[in-house]
There are 2 protein chains.
Amino acid sequence: MTMEIEPNLLADVGRRLRALRADQDLTLEQLARLTGISAPALSLIETGKRDARLTTLAKIAAALRVPVMALLADHADDASTGDDAPAEGYDLGDYL
Amino acid sequence: MTMEIEPNLLADVGRRLRALRADQDLTLEQLARLTGISAPALSLIETGKRDARLTTLAKIAAALRVPVMALLADHADDASTGDDAPAEGYDLGDYL
DNA sequence: AGCTGGTTTATCTTTCTCGGTAAAATAGTG
DNA sequence: CACTATTTTACCGAGAAAGATAAACCAGCT
């Protein structure tokens, strides 16, 4: 029960990342050189197995010449739509 | 020459984070309870001193009921606007 | 001044990222 | 089938994130 917010997030960002890289016909090694991030690390991120740091995502986004938010795109969880926590539900009111 | 992409990124996200939290009149401790992230950790993130992981930002965004991209908002670097790297310029062509 | 609430800083431990390297998979091609 | 390119997985070591806690600041207020 380590609690992973949404296992989709990482996989989602990874998917998007891979798509963007494919668009520019870059291999992991090429992107690795561009970003300074090793190809294995990039692979883990793209496959949603690694929880990258913000600056790491920023480096990748910069190399791909897209804004960082392009990686998160329309991940409009907004929490009120009820995407997660069916039984969790923080309530705000409970803490105020 | 470890090169920190843009020292602004973290400070920027932190600033945005703090604004969102203020909007809901939440203290660091309250947000800490909501997110499961300790108040000191939140403080470091908000002051731009910590390079948070993606899921960490996602937890905070969820607690604040905003999409994750709201934290990165209009950080449209896009590299063509020329916000950063005056002397960096990876060239893509060099690696292809 | 003393207090109180909020934020920051510091220290410590655990966990994880990240680069490096090397070894397996997984294509794709002759 | 062999050969090559690309990706994935596995291990290692260094560094950093994140939780906990405690202490230091910094308001505001009686």
Side-chain angles (χ1 to χ4, degrees), chain A residues 1-7 9-64 68 71-72 90 92 95-96, chain B residues 1-7 9-64 68 71-72 90 92 95-96:
Chain A
M1 243 178 250
T2 357
M3 217 102 22
E4 47 246 60
I5 339 158
E6 12 185 353
L9 217 197
L10 299 184
D12 225 41
V13 170
R15 225 188 318 279
R16 199 139 12 218
L17 223 38
R18 167 155 308 186
L20 288 167
R21 179 171 62 87
D23 278 352
Q24 310 188 20
D25 287 298
L26 293 171
T27 68
L28 285 176
E29 272 187 23
Q30 289 169 336
L31 186 57
R33 275 194 293 269
L34 288 171
T35 58
I37 299 168
S38 66
L42 290 173
S43 175
L44 289 172
I45 293 171
E46 284 191 355
T47 52
K49 295 187 179 63
R50 180 166 290 190
D51 190 4
R53 294 173 196 158
L54 179 54
T55 59
T56 300
L57 294 177
K59 286 180 202 169
I60 301 174
L64 293 175
V68 187
L71 308 182
L72 285 304
Y90 0 72
L92 238 310
Y95 301 97
L96 306 177
Chain B
M1 244 170 257
T2 357
M3 222 76 328
E4 48 251 60
I5 339 159
E6 13 186 352
L9 218 199
L10 299 184
D12 225 41
V13 170
R15 224 187 319 279
R16 197 137 14 217
L17 223 38
R18 168 156 306 187
L20 288 166
R21 178 171 63 86
D23 278 353
Q24 311 189 19
D25 287 298
L26 292 171
T27 67
L28 285 176
E29 275 184 21
Q30 289 169 335
L31 186 56
R33 275 194 293 268
L34 289 171
T35 57
I37 298 168
S38 67
L42 290 173
S43 176
L44 289 173
I45 294 170
E46 283 191 356
T47 52
K49 295 187 179 65
R50 179 166 292 190
D51 189 4
R53 295 171 196 157
L54 179 53
T55 59
T56 301
L57 294 177
K59 286 181 202 168
I60 300 174
L64 293 175
V68 187
L71 308 182
L72 286 302
Y90 1 70
L92 238 309
Y95 300 97
L96 305 178

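Worth knowing before you read on, the calculation uses all heavy atoms, side chains too, and leaves out hydrogens, waters and symmetry mates. Just so it is clear: chains get the letters A, B, ... in the order the sequence lines come, proteins before strands, and each one is counted from 1.
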For the helix from dA1(C)-dT30(D) to dG30(C)-dC1(D), measure the angle between the helix axis at one end and the axis at the other, each built from five pairs, rounding to 10°.
30°

Leu28(A) versus Arg21(A), closest heavy-atom pair with distance
N-NH1, 3.4 Å

Which pair of heavy atoms, one from Ala32(A) and one from Ser38(A), lies closest together, and at what distance?
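That would be CB-C, 3.9 Å.
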
Pairwise distance OG1(Thr47(B)) to NZ(Lys49(B)) - rounded to 0.5 angstrom
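It is 3.5 Å, given to the nearest 0.5 Å.
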
To the nearest 0.5 Å, what is the distance between CZ on Arg50(B) and OG on Ser43(B)?
9.5 Å

Length of the [atom1]-[atom2] vector between [X] and [N], whole Å:
X	N	atom1	atom2	value
Arg33(B)	dG19(D)	CZ	P	15 Å
Ile37(B)	dA17(D)	CD1	P	13 Å
Lys59(B)	dA17(D)	NZ	P	15 Å
Leu31(B)	dA18(D)	CG	P	13 Å
Arg53(B)	dA17(D)	CZ	P	8 Å
Gln30(B)	dG6(C)	CD	P	7 Å
Leu57(B)	dT17(C)	CG	P	14 Å
Ile60(A)	dT17(C)	CD1	P	13 Å

Measuring only between side-chain heavy atoms, which start at C-beta, is Leu26(A) closer than 4.5 Å to Leu64(A)?
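A side-chain contact under 4.5 Å exists here.
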
Heavy-atom side-chain contact between Leu20(A) and Leu71(A) under 4.5 Å
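When only atoms from C-beta onward are counted, Leu71(A) and Leu20(A) do touch, with a gap below 4.5 Å.
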
Under the salt bridge (Lys or Arg N to Asp or Glu O under 4.0 Å) test, residues paired with Arg18(B) that sit two or more places apart
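With sequence neighbours excluded, Arg18(B) shows a salt bridge (Lys or Arg N to Asp or Glu O under 4.0 Å) to Glu46(B), given in chain and number order.
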
Output yes when at least one side-chain N/O atom of Ser38(B) is less than 4.0 Å from OP1 or OP2 of dT21(D), else no.
no

Tell me, please, which residues at least two apart from Ile37(B) pass side-chain contact (heavy atoms from CB on, under 4.5 Å).
Thr35(B), Ala41(B), Leu42(B), Thr56(B), Lys59(B), Ile60(B)

Protein N or O to nucleotides 24-30 of chain C N or O, pairs below 3.5 Å:
none

Does Arg50(B) get its side chain close enough to the base of dA18(D), under 3.5 Å, for a donor-acceptor pair?
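Counting by modelled atom types and ignoring angles, a donor-acceptor contact under 3.5 Å is found here.
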
Atom pairs under 3.5 Å, N or O on each side, protein against nucleotides 7-9 of chain D: can you list them with distances?
unit_1, atom_1, unit_2, atom_2, d
dT7(D), OP1, Arg21(A), NH1, 2.8
dT7(D), OP1, Arg21(A), NH2, 3.4
dT7(D), OP2, Leu28(A), N, 2.7
dT8(D), OP1, Arg18(A), NH1, 2.8
dT8(D), OP1, Arg18(A), NH2, 2.9
dT8(D), OP2, Arg18(A), NH2, 2.7
dT8(D), OP2, Ser43(A), OG, 2.9
dT8(D), O5', Ser43(A), OG, 3.4
dT9(D), OP2, Lys49(A), NZ, 3.3

Given 3.5 Å as the limit, does a donor-acceptor pair link the side chain of Asp51(A) with the main chain of Thr55(B), or not?
yes

